[in-house]
Amino acid sequence: MQVPLLDLKAQYATIKDEMLAAVKDVLDSQICIHGPKVAKLEEKIASISDCKYAVGVSSGTDAILSALMSLEIGPGDEVITTPFTFFATVGSIVRVGAKPVFVDIDTKTFNINPSLIEAVITDKTKAIMPVHLFGQMADMDPIMEIAKKHDLFVIEDAAQSISSTYKGRKAGSIGDVGCFSFFPSKNLGGIGDGGMAVCNDQQLYERLFVMRNHGGQDKYHNKLVGGNFRLDAIQAAALLVKVPHLDQWSAARRANADYYNERFSGTSVTTPYITPDCVSIYNQYTIRVAGRDALLEHLKSHEIGCAVYYPLSLHLQECFSSLGYKPGDFPVSEQASSEVLALPIYPELSDEMKDFVVETALSFSKQTQKS
Ligand SMILES: *Cc1c(COP(=O)(O)O)cnc(C)c1O
């Protein structure tokens, strides 16, 4: 039996007619960028995120980039973040000329450890950028408290966590700005690249709004220096078809996670830890195991898709070597890189598929225990 890590065709099959009609609408209108579909999507995403404002942009990366630019974070500034995240979080900080300052992660949640933040705050610190990894939000209360005390911005990288909650509050709604990605593998994925920035402050909204179109308030009258961060209408149209299904798809991922959790309990597999404060949308179902690489090969040889997010902590990336970090600086993150493995969790998995994943993984750990 083949079990891919993600099967976008399975989801597409359930909404194919609506998707084709939505794309045809855009083609017939020939309004290809921004326009009514993008405006409607912005309204929907603001609403499901409990935010006043939303600005559609070209990707999750560009949402982060335009958030940093709109908050005037640049050369000479420092941004505190996690080394255990997708590259774009930290790449964006470097691209605006600011310096990323890492703190280690929490052992159980893989999210930034708030108790380590204050020690690295300097007079150059401008912002904290927590990442809500794998679908679960970071511990936002202490982060917001520290930000308030030291007058720092908080930018939520919520690319993997749209509509997930922390103490009943939605991802993206707690900090100054929240950034979402509509990359096809995210829980709300487009048919290409797309992203969105959400916020509650009108002035910040206005800056984000002009930033995505070269900073121009009116055509050819530029208030700021922005970029081309525009969102295609065809992406908005496809996403508008998917939005009404998002909660149900996330619930199906949670049900799959519950099933795995039960089957793996009492075994050598450490299942994901979701704090009582959070409801995860399980963009990934990430287990920890000793001998991870061997298990990965074993699963792949049985045609089960699995992947390592992330194999190299960002403080050890070659392109960031000038920051001066070295192995051992963030031991929790480094250990996670060597132990994590993401298993298939997408909503359309059948019971047979889940059984096969569990049995294949467990047969392997029994083998290794015997030998
Ligand atoms: C996917 C992702 C991004 C970037 O989103 P893109 O739409 O691919 O540019 C940023 N941060 C995290 C944590 C992500 O998972």
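Below, each value reflects all heavy atoms present in this structure, side chains not excepted, and no hydrogens, waters or symmetry copies. Read the numbers this way: they start at 1 and go in the same order the structure lists the ligands and their atoms. This structure is a prediction, so every number in the text was calculated from the model and none was measured.
Between Phe330 and Tyr325, the distance separating the two ring centers is shorter than 6.0 angstrom. Checked against the 6.0 Å centroid criterion, the rings of Phe87 and Phe320 qualify as a close aromatic pair.
Counting the atoms of ligand 1 from 1 in the order shown, those under 4.0 Å from a heavy atom of Gly60 are 5 (O), 6 (P), 7 (O), 9 (O). Proximity to Thr85 (heavy-atom distance under 4.0 Å) selects the following atoms of ligand 1: 13 (C). The contact set between ligand 1 and Val131, taken as ligand atoms under 4.0 Å from a residue heavy atom, comprises 13 (C). Which parts of ligand 1 touch Ala88 is read off a 4.0 Å heavy-atom cut-off, strictly below it: atoms 4 (C), 10 (C). In the vicinity of Ser59, heavy-atom distances shorter than 4.0 Å reach the ligand 1 atoms 7 (O), 9 (O).
The protein non-hydrogen atom at the shortest distance from atom 4 (C) of ligand 1 is Thr61 OG1, 3.5 Å. Protein heavy atom at the shortest distance from atom 3 (C) of ligand 1 is Phe86 CD2, 3.6 Å.
Between Pro331 and Asp104 the shortest heavy-atom distance is N-OD2, 3.1 Å.
Of the N or O atoms in Asp193, none lie within a sub-3.5 Å distance of an N or O in ligand 1. For ligand 1, one of its N or O atoms has an N or O atom of Ser181 under 3.5 Å away. Polar contact with ligand 1: absent for Asp62 (N/O pair, distance under 3.5 Å).
For the pair Arg207 and Tyr205, the cation-pi criterion (under 6.0 Å, within 45° of the ring axis) is not fulfilled.
The local environment of NZ in Lys167 is crowded, with over 12 non-hydrogen atoms from other residues, nucleotides or ligands closer than 6.0 Å. More than 12 heavy-atom neighbours from other residues, nucleotides or ligands sit within 6.0 angstrom of CG on Asp28. Within 6.0 Å of the CD atom in Glu145, the count of heavy atoms belonging to other residues, nucleotides or ligands does not exceed 12.
Around atom 2 (C) of ligand 1, the closest heavy atom drawn from Gln160, His132, Met129, Lys186 belongs to Lys186. For atom 13 (C) of ligand 1, the choice among Asn283, Val57, Asp157 with the nearest heavy atom turns out to be Asp157.
Note on Glu42 versus Arg212: salt bridge recorded, some NZ/NE/NH1/NH2 to OD/OE distance being below 4.0 Å.
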